[in-house]
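First up is the structure itself, then whatever we jot down about it.
Just so you know, ligand 1 is whichever comes first in the structure, and atom 1 is the first atom listed for that ligand.
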Amino acid sequence: MEIVICKTREEASRKAADMITALVRKNPKAVLGLATGSTPVLMYNELAKDVKAKKVSFRQVRSWNLDEYYGLAPTHDQSYRYFMNENLFRKIDIKLSNTHVLNGLAKDPAKECKAYEAAIRRAGGIDLQVLGIGSDGHIAFNEPGTSLNSRTSIVYLTPSTIKDNARLFFHGRLDEVPTAALSMGVGTICEARKVVLLAFGANKADAVKGMVEGGISQFCTASALQAHNDAWVFCDEAAASKLKLRKYYAWRSATKLGSR
Ligand code: GLP
């Protein structure tokens with residue numbers, strides 16, 4: 001796991017965008033795994049700038065998103081499909097028909113999840129997966145206590161995630177946040193050939209510490225990435241503040257990025 005520690009979230013977002021732009025330039029038909037949450041928004045804006053500046057094109061890119069609230073229609077303004085359309089897809093030249101988000105209204109969630117996994121497999125697997133991290137160390141909606149081998153399935157949110165997300169997505173109305181979601185599993189995520197995880201702010205410092213320097217544990221599902229051989233964490237100084245070896249990681253990642 002490489003930890004890139006930046007002074008600001010803007011700088012971290014730019015560096016992460018550089019990695020995605022470079023990958024898509026090299027492989028215009030890349031398969032991307034995408035994430036929601038407030039964290040990747042700055043990076044998505046940087047990708048939009050790259051498209052506008054004709055540095056890269058997403059016309060042939062296909063994408064699969066991590067998760068969707070169970071029970072929300074794609075047109076619901078708090079759904080992750082709506083979020084992606086607003087924050088990325090309408091800003092870049094990707095074909096909407098090439099973008100995939102789990103259907104939160106699926107009558108048979110198990111069937112929907114199985115078909116989603118099969119579609120990813122048919123596309124050749126995910127070349128690069130974007131991730132945020134929950135304050136309890138979850139990735140996608142894989143809460144503490146989820147098997148690290150889990151596959152895409154229906155999952156249940158912890159009270160702390162419901163609270164965190166109510167603040168961001170539901171104007172603080174706790175009772176409006178769905179308590180379940182369809183989510184890629186930890187095992188599914190770890191199969192991506194490259195992972196780019198973003199983490200900003202002091203409220204992510206414990207999660208980042210658990211992910212990077214804790215043991216691999218289903219109590220912090222992001223820690224599964226320790227076993228991945230091409231996982232990059234782009235964070236600001238606040239999110240990295242609890243890492244024991246932060247100076248070393250910063251030097252090592254700068255050296256590696258510099259030599260690419
Ligand atoms: C939700 C999403 C995660 C995301 C997390 C953190 O739980 N399912 O994919 O990483 O929120 O969101 P934020 O970036 O807003 O802190």
Next item on the list: Applying side-chain hydrogen bond (donor to acceptor under 3.5 Å, both in side chains), name anything that partners N98, two or more places apart in sequence or on another chain.
Entry: none
Next item on the list: Could you tell me whether some N/O pair between T161 and ligand 1 is separated by less than 3.5 angstrom?
Entry: no
Check: Would you say ligand 1 has an N or O under 3.5 Å from any N or O of S38?
Finding: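 Yes: some nitrogen or oxygen of S38 is under 3.5 Å from one in ligand 1.
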Proximal ligand 1 atoms for [X], defined as those under 4.0 Å from one of its heavy atoms:
{"X": "F141", "answer": "1 (C), 7 (O), 8 (N)"}
{"X": "T39", "answer": "13 (P), 14 (O), 16 (O)"}
{"X": "H138", "answer": "1 (C), 5 (C), 7 (O)"}
{"X": "N165", "answer": "1 (C), 7 (O), 11 (O)"}

Next item on the list: Could you tell me whether R25 atom CZ has more than 12 heavy atoms of other residues or ligands within 6.0 Å of it?
Entry: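 Not more than 12 within 6.0 Å, no.
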Notebook entry, point to check: Should we say atom CZ of R59 is surrounded by more than 12 heavy atoms from elsewhere, each under 6.0 Å from it?
Noted result: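 Not buried by this count: 12 neighbours or fewer within 6.0 Å.
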Checklist line | E143 to H138 - nearest heavy-atom pair and separation | finding: OE1-ND1, 3.0 Å
Check: Heavy atoms only: which of A35, A140, G132 is nearest to atom 3 (C) of ligand 1?
Finding: A140
With heavy atoms under 4.0 Å as the rule, classify the contact between [X] and ligand 1 as side chain, backbone, both or neither.
{"X": "I133", "value": "backbone"}
{"X": "D67", "value": "side chain"}
{"X": "Y69", "value": "neither"}

Do you see a donor-acceptor pair shorter than 3.5 Å between the side chains of [X] and [Y]?
{"X": "E213", "Y": "Y249", "answer": "yes"}
{"X": "E117", "Y": "T188", "answer": "yes"}
{"X": "D93", "Y": "S57", "answer": "yes"}

Checklist line | Nearest-0.5 Å distance, OG of residue S79 to CG of residue L72 | finding: 6.5 Å
Check: Is F200 near ligand 1, meaning one of its heavy atoms is under 4.0 Å from it?
Finding: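 For ligand 1, residue contact (heavy atoms, under 4.0 Å) with F200 is absent.
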